[in-house]
Protein chains: 2
Amino acid sequence: MNSFTEENYLKAIYKLVQLSGLAVSTNAIAEKVNTSAASVTDMLKKLSDKKLIHYKKYQGVTLSSKGEKAALKIIRKHRLWEMFLVDILDFKWDEVHDIAEQLEHVNSDKLIEKIDKFLNHPIVDPHGDPIPDANGKLNNPKSHLLSFFNKNDVCIITGVVDHSTSFLQYLDKSGIALGHEIKIKDIIKFDRSLKITINKGNNVFISNDVAKNILAINK
Amino acid sequence: MNSFTEENYLKAIYKLVQLSGLAVSTNAIAEKVNTSAASVTDMLKKLSDKKLIHYKKYQGVTLSSKGEKAALKIIRKHRLWEMFLVDILDFKWDEVHDIAEQLEHVNSDKLIEKIDKFLNHPIVDPHGDPIPDANGKLNNPKSHLLSFFNKNDVCIITGVVDHSTSFLQYLDKSGIALGHEIKIKDIIKFDRSLKITINKGNNVFISNDVAKNILAINK
DNA sequence: ATATTATTTTAGACAAGTCTAAAATTTATT
DNA sequence: AATAAATTTTAGACTTGTCTAAAATAATAT
Ligand SMILES: [Mn+2]
Ligand SMILES: [Mn+2]
Ligand SMILES: [Mn+2]
Ligand SMILES: [Mn+2]
């Protein structure tokens, strides 16, 4: 078994590789897990000894297939727990991440499969992120950042990039939620901010910074 | 916050004090948390510094009110999670303890109160153990060991002392479950084993060792 | 191509929790 | 009351994960 700490490193490496498509740097990991570069180097040696990563000094790191499987399992657990918290216990989508950070480390295959079944095998979590299946298979839906759409495009919101409480609460306040239909009414040249219509009703202005943190798919 | 380890010591001390009514010994704690007496002494110093226990060298230990509150909170979480696992996820009563040992350390007041509400504020866990309320108040039901009843007594099974998988599975196999009515048909003088009738139906023989691990209340 | 800067690794230390072996204290026995 | 036995504490060491400061390597700029 891997320790909580090891699991958090694996998850961090998985997400960074996913994002960049490249081997990830010691510094990037350090920032992600909120620790020093020296500590990361120590841990990389350990994960390498355990054959969880591919690592050569100064050359960056990727996950081995064993490491990727472990990472996907943690991500599966995290997202299923988030789903459980929102759908069953009526938590808000901005409240669940920190709790799921703890629950994702609970070790019981039977438990996670029962939760999955109880939730009716959900495909995405409350933030629109895909949930890996029991074999670690992950359906990566081809969404795009809202900031990449053009004037008069109509799309459906499928996810968010930023998962912070403040961002999610801002979306709530603006009436922006997963599944809603968005029409791009206007794009301001100066700062690339957007005027959008939500569900054929309200018009709302959002900054480019916000648009870059919303995922959507063409309708 | 207290670490997982500290929480497990507090829980162990709580249960040992509960059982004996006296200050508990270093050795007793060592056995309960499955570690060496030396390690226990180290931890007792730490818990004492944190004002969680009353401790004087060589004199044994009891919980401070702060420590007792912490212990009861962990026990509340453990028992509510066991209830959730059995009632909602259809686990058997012999499968849940180890998972609850992990879940009891998840830190979120909101989570545990939502679970409590979702379960409709249960009073006892799947093993008949009482669940402390949100204020740490615990209703100690006055049950007795089945081994203390007399011939022709009729009683209702309310709990178990031993929580091991093998014991609980033995009870399942024998048709003995919480809430069932038991009539003591005979007590064998030689070894104090019992012939009992379950729910006015089947007759079953159980050893005194088994009877000493079943709790019941007079009908 | 060399010098400067940034990144990464090593060295050495620390806190938490654990261990074994030895010393101190308490309890039980004669 | 003195001795033996059991319990508890101390001493010293080890592991995991962390840190800072210094050294090594790589990347960038002149
Ligand atoms: Mn999350
Ligand atoms: Mn999520
Ligand atoms: Mn239990
Ligand atoms: Mn229980």
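Proteins get letters first, then strands, A, B, ... in listed order; numbering begins at 1 in each. Computed from heavy atoms alone, side chains included, the values below leave out hydrogens, waters and symmetry copies.
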**Asked** What string of B, S and - do you get for nucleotides 4-10 of chain C, 5' to 3', when a contact is any protein heavy atom under 4.0 Å?
**Response** ---SBBB
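OP1 or OP2 of D:dC19 sits under 4.0 Å from a side-chain N or O of A:T35. The phosphate of C:dC19 (OP1 or OP2) has a side-chain N or O of B:S36 nearer than 4.0 angstrom.
Atom CE in A:M43 sits roughly 10 Å away from atom C1' in D:dT18 (whole-Å rounding). Taking atom CG of A:N8 as the reference point, atom C1' of D:dT16 lies 15 Å away to the nearest angstrom.
As judged by a 4.0 angstrom heavy-atom cut-off over every strand, B:F4 is placed among residues making no nucleic acid contact.
A distance-only check finds no donor-acceptor pair linking the side chain of A:T26 to the backbone of A:T41 [under 3.5 Å]. Remark: the backbone N or O of B:A30 is not paired with any side-chain donor or acceptor of B:N34 at under 3.5 angstrom.
Within a 6.0 Å radius of CG in B:N139, no more than 12 heavy atoms belonging to other residues, nucleotides or ligands are found.
Exactly one of A:E104, A:Q102, A:K11 qualifies for a side chain to side chain donor-acceptor pair (under 3.5 Å) with A:H78. That residue is A:E104.
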**Message:** Before you tell me yes or no, could you show the steps for A:H105 and A:N8 under side-chain hydrogen bond (donor to acceptor under 3.5 Å, both in side chains), namely the whole-Å CA-CA distance, both residues' side-chain angles and the distance that decides it to 0.1 Å?
**Reply:** CA-CA 9 Å; A:H105 301 292; A:N8 285 333; 3.1 Å; yes
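Judged purely by distance below 3.5 Å, without hydrogens or angles, the side chains of B:N27 and B:S25 never pair a donor atom with an acceptor atom.
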